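Quick caveat, the model's predicted, so the values are computed rather than measured. In what follows, every heavy atom counts, from backbone to side chain, and hydrogens, waters and symmetry copies are set aside. Order of the sequence lines sets the chain letters (A, B, ...), proteins ahead of strands, with each chain counted from 1.
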There are 2 protein chains.
Amino acid sequence: MATARETHAADKRRLILDAAVRVFAHRGFNGCRVSDIADEAGVAYGLVYHYFRSKDEVLDTLFLERWNVMLDVIRELDGRDVPPREKLYAITSFIVDSYRHDPELMKVIIVEVTRAANSFGQTHLDKIREAYALIAAIVARAQTEGRFKDTVSPAFAAMAFYGAIEQVLTGWIFDALPVGEDEYEQAKTFVVETICGGLELVSATA
Amino acid sequence: MATARETHAADKRRLILDAAVRVFAHRGFNGCRVSDIADEAGVAYGLVYHYFRSKDEVLDTLFLERWNVMLDVIRELDGRDVPPREKLYAITSFIVDSYRHDPELMKVIIVEVTRAANSFGQTHLDKIREAYALIAAIVARAQTEGRFKDTVSPAFAAMAFYGAIEQVLTGWIFDALPVGEDEYEQAKTFVVETICGGLELVSATA
DNA sequence: GCCGGGATTGACCCGTCAGTCAATCGTCAA
DNA sequence: TTGACGATTGACTGACGGGTCAATCCCGGC
């Protein structure tokens, strides 16, 4: 049973994480100070270090929290008996909805983590690769079942698929694409249509 | 007429730029010191500031040098009277060959500029958007000519296309995809096949 | 009421670096 | 040969910011 104290502590931790999202999104991981996060959270500087070992660990936590949810979603989808195109649509939908729900968090994950992967070591990289592998597995299965062309390696297909989604988000983040409810839904069908139209057997669409 | 002195000066400037590529690629823009660049170039610390106003300007220069070449290539292609698919293939080919020729430079451009909204993306957003716009124009023309489906907005198509390429490069950069001459050529045809297979009218491939 | 310990505070320490600058070197033109 | 000027050097400075820590607060149990 969580005491009021424990609940309160968890709240403070969350408060800091949420503040960090806003600060990282706005000024960038390297462009902000830990004191910015503390100020944004309305909390003393030192408290950040009570809950996290370092500034890096704050970013780590944000990334892992969200990425693990996505991995779970993809894994769950993988098990289902639905057409591959639907699986890819569901993944796209999840990512786009994640953006719709919390654009700042997605901005941080897309913009800061890739660069962090460079310096932070392999932890993130393995997690990211795991997502690619899961998508590749979906493609590979689709090929075995004769639903997708087998002339492209699943690994490449996974990159193209994920890259298309991520670039659309990047477009929204950097104002290179119009933003809005309609655009979000349109983007989902469009990405899947583009990628699958190229991956599926021609006879399937003809 | 360039004197020996002027040539020498130009060489030193290049020396610093090339060294910066290696250092940025290896430790990241934020993770390295200006002295690292000077050391790598075998040059005194202060000389970097003789040729560049700031650390930022070194990265700016590297990015603009390469990006402008790419914009020129795309513009030149746009004018030619060849099928859209060939145009997209040529763009893909240019980018992949850029990576083949200087993977470290491409890593720096992708990791430190293209994906860095807050720091450098902001400065170069217009340049980056210009590339998207040029690609979108190619798609739009293809739609007008009845070669591509007109059910997807050219802007989205441009993002998906560029995103697929960039993600493949990212895969090479972070060892998520196998690297090699065969893979490079394979990647070109694959990206175009994937994207155009989805963008072209079904009747064109059926 | 009173104690133990986790939560919270924020001033401070200290390493790190971007950028400066005064001095020296090397080249060229007259 | 010489003087001017750009190229080159690297020690130095000043700001900045991550992380520490001793003090304080507050809750929950006894």
Side-chain angles (χ1 to χ4, degrees), chain A residues 1-24 26-62 108 112 115-116 118-121, chain B residues 1-24 26-63 108 112-113 116 118-120 122-123:
Chain A
M1 177 66 195
T3 66
R5 188 166 172 171
E6 279 161 346
T7 319
H8 193 215
D11 285 353
K12 278 291 170 69
R13 197 185 131 94
R14 204 28 38 230
L15 209 61
I16 292 169
L17 285 171
D18 291 346
V21 168
R22 274 171 264 134
V23 173
F24 289 161
H26 199 247
R27 336 232 318 206
F29 179 78
N30 284 292
C32 78
R33 287 163 287 183
V34 173
S35 67
D36 292 333
I37 301 173
D39 290 351
E40 176 76 23
V43 133
Y45 185 89
L47 198 63
V48 175
Y49 286 90
H50 180 71
Y51 287 107
F52 304 95
R53 250 190 304 252
S54 65
K55 190 184 181 189
D56 287 11
E57 199 182 89
V58 177
L59 182 56
D60 279 359
T61 305
L62 288 172
V108 170
E112 302 298 339
R115 300 167 67 212
N118 219 10
S119 41
F120 278 26
Chain B
M1 174 70 193
T3 65
R5 187 166 168 172
E6 279 162 345
T7 320
H8 193 212
D11 285 353
K12 278 291 170 73
R13 199 185 129 93
R14 212 8 57 226
L15 207 61
I16 291 170
L17 284 171
D18 291 345
V21 168
R22 273 171 266 135
V23 173
F24 288 161
H26 199 246
R27 335 232 315 207
F29 179 79
N30 284 292
C32 78
R33 288 162 287 180
V34 173
S35 67
D36 292 334
I37 301 174
D39 290 351
E40 176 76 24
V43 132
Y45 185 89
L47 198 62
V48 175
Y49 285 90
H50 180 71
Y51 288 108
F52 304 94
R53 251 191 302 249
S54 66
K55 190 186 180 188
D56 286 13
E57 198 181 88
V58 177
L59 181 56
D60 280 357
T61 305
L62 288 172
F63 168 73
V108 170
E112 305 294 343
V113 183
N118 303 292
S119 33
F120 285 88
Q122 213 57 24
T123 325

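Annotation: of the two residues near DNA chain D, A/Gly31 and A/Gly46, the 5′-most nearest-nucleotide partner is A/Gly31.
The CZ atom of A/Phe29 sits 10 Å away from the C1' atom of D/dG18 (whole-angstrom rounding). In this structure, the CD atom of B/Glu57 is 15 Å from the P atom of C/dA18, given to the nearest Å. Residue A/Lys12 contributes atom NZ, which lies 11 Å from atom P of D/dC26 at whole-angstrom precision. Rounded to an integer number of Å, the gap from CD1 of B/Ile16 to C1' of D/dT8 is 10 Å. Put simply, CG on A/Asp56 is 16 Å from P on D/dG17, counting in whole angstrom units. Rounded to an integer number of Å, the gap from OH of B/Tyr51 to P of C/dA18 is 20 Å. The interatomic distance linking B/Leu47 (CG) with C/dT20 (C1') rounds to 15 Å, in whole Å.
Residues meeting the salt bridge (Lys or Arg N to Asp or Glu O under 4.0 Å) test with B/Asp36, sequence neighbours left out: B/Arg27, B/Arg33. Every side-chain contact (heavy atoms from CB on, under 4.5 Å) that B/Phe63 has, sequence neighbours left out, goes to B/Trp67, B/Ile109, B/Val113, B/His124, B/Lys127, B/Ile128. Partners of A/Asp39 by side-chain contact (heavy atoms from CB on, under 4.5 Å), not counting sequence neighbours: none found. Take A/Asp60 and apply the salt bridge (Lys or Arg N to Asp or Glu O under 4.0 Å) test, not counting sequence neighbours, and it matches no residue.
The shortest heavy-atom contact between A/Phe52 and A/Glu57 is CA-OE1, 3.4 Å. The shortest non-hydrogen separation linking A/Ala19 to A/Ile37 is CB-O, 3.8 Å.
Annotation: cation-pi pair A/Lys12/A/Tyr51 absent, no NZ/CZ under 6.0 Å from the ring centroid and within 45° of its normal.
OP1 or OP2 of C/dA7 has at least one side-chain nitrogen or oxygen of A/His50 nearer than 4.0 Å. Regarding contacts with the backbone of C/dG19, a side-chain N or O of B/Tyr49 is found under 4.0 angstrom from either OP1 or OP2. Between A/Tyr45 and the phosphate of C/dC12, there is no side-chain N or O to OP1/OP2 separation shorter than 4.0 Å.
With rounding to the nearest 0.5 angstrom, the CG atom of B/Leu62 is 11.5 Å from the CD1 atom of B/Ile16. Remark: A/Ser35 OG to A/Glu40 CD distance equals 11.5 Å, nearest 0.5 Å.
Contacts with DNA chain D (heavy atom under 4.0 Å) in residues 32-43 of chain A: A/Cys32, A/Arg33, A/Val34, listed by number.
Considering only side-chain atoms of A/Lys55, the nucleotide from C/dT8, D/dG19, D/dA7 that sits closest is D/dG19.
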N/O contacts under 3.5 Å, protein versus nucleotides 22-24 of chain C?
none

